[in-house]
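Quick notes on the structure that follows.
Keep in mind it's a predicted model, so treat the numbers as computed, not measured.
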Amino acid sequence: MNRKENNEIEETGFEEVYEIRKYGTYYSENRFWKKVVKLGKKVGAVLLHPALLLFYLLEAKTTPLQYKAYIIGALGYFIFPFDFIPESVLPVIGFTDDIAVINLVISLLKKYISEDVRFKADAKIAELFPEKD
């Protein structure tokens, strides 16, 4: 990895990226899965898929360690109990800030999302939302 690639996130103009890291203290795998199960019933597979991509990207051994802080921050924001747009007040719309943060980190780390990461996220979606015949 060359110096340019190594500093890719740090050189972006997104102030949000730096703010995302502070939510990492709210992340835990247990809390993540509780939120996924809770939200799955409300928002469905399309909105959960990006969160699952980040979760499996965090687990991937090929994801550079220095970028895992951003993933943990985004997932911490996802499970953070207080939102700028509360889900309880505005269902579905209340998830837009969560998804925006997750999609920002995905866009910055998309080159690290391998076929294996995609497969795991897709498999989990299929498990959570089985197709009914």
Side-chain angles (χ1 to χ4, degrees):
M1 180 182 301
N2 65 37
R3 184 170 171 80
K4 182 182 177 204
E5 289 174 336
N6 195 25
N7 293 323
E8 188 172 294
I9 290 179
E10 290 80 8
E11 293 175 357
T12 63
F14 296 107
E15 286 293 321
E16 296 89 357
V17 172
Y18 301 104
E19 291 296 314
I20 289 170
R21 291 184 293 184
K22 72 180 179 184
Y23 291 97
T25 59
Y26 298 100
Y27 175 76
S28 77
E29 188 171 342
N30 187 37
R31 286 182 180 162
F32 173 77
W33 288 115
K34 283 182 181 180
K35 179 94 177 208
V36 165
V37 170
K38 178 181 171 186
L39 292 185
K41 297 172 187 171
K42 294 180 183 179
V43 300
V46 173
L47 293 178
L48 283 180
H49 193 262
L52 291 170
L53 280 174
L54 279 188
F55 176 78
Y56 291 114
L57 187 58
L58 178 64
E59 287 189 334
K61 290 179 172 51
T62 56
T63 304
L65 185 59
Q66 69 266 28
Y67 297 147
K68 290 189 177 194
Y70 296 104
I71 297 169
I72 290 170
L75 294 177
Y77 186 85
F78 176 68
I79 61 177
F80 185 62
F82 305 104
D83 280 329
F84 292 114
I85 305 171
E87 288 94 13
S88 60
V89 175
L90 298 169
V92 181
I93 293 173
F95 300 108
T96 56
D97 59 326
D98 297 340
I99 297 303
V101 168
I102 287 171
N103 282 331
L104 172 65
V105 174
I106 286 174
S107 72
L108 295 170
L109 299 178
K110 63 185 169 198
K111 69 180 173 186
Y112 298 107
I113 300 175
S114 66
E115 286 302 314
D116 184 52
V117 166
R118 287 187 191 282
F119 176 80
K120 288 177 180 179
D122 293 345
K124 185 51 102 172
I125 289 293
E127 177 187 323
L128 294 170
F129 301 97
E131 290 186 31
K132 296 179 179 158
D133 295 332

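Distance CG/Leu53 to CD1/Ile106: 5.0 Å, rounded to 0.5 Å. To the nearest 0.5 angstrom, Ile72 atom CD1 is 11.0 Å from Leu54 atom CG. Taking CG of Leu52 as the start and CD1 of Ile125 as the end, the distance is 4.5 Å to the nearest 0.5 Å. Separation of atoms CG (Leu104) and CD1 (Ile99) is listed at 12.5 Å; rounding is to 0.5 Å. We find the CD1-OH distance between Ile102 and Tyr77 to be 10.0 Å, quoted to the nearest 0.5 Å. Note that CG of Leu75 and NZ of Lys68 are 12.0 Å apart. Values are rounded to the nearest 0.5 Å.
Under the side chain to side chain contact (heavy atoms under 4.5 Å, CB included) criterion, Ala123 pairs with no residue, sequence neighbours left out. Here Glu115 pairs with nothing under the salt bridge (charged side-chain N to carboxylate O under 4.0 Å, His left out) rule; sequence neighbours left out.
Across all their heavy atoms, Val105 and Tyr70 have their closest contact at CG2-O, 4.0 Å.
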Apply side-chain contact (heavy atoms from CB on, under 4.5 Å) to Lys124 and Tyr56, showing your working. CA-CA 10 Å; Lys124 185 51 102 172; Tyr56 291 114; 3.7 Å; yes
The test is side-chain contact (heavy atoms from CB on, under 4.5 Å); show your working for Asp122 and His49 and say whether it passes. CA-CA 7 Å; Asp122 293 345; His49 193 262; 2.6 Å; yes
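Considering only heavy atoms from C-beta on, Leu58 stays 4.5 Å or farther from Thr63 through its side chain.
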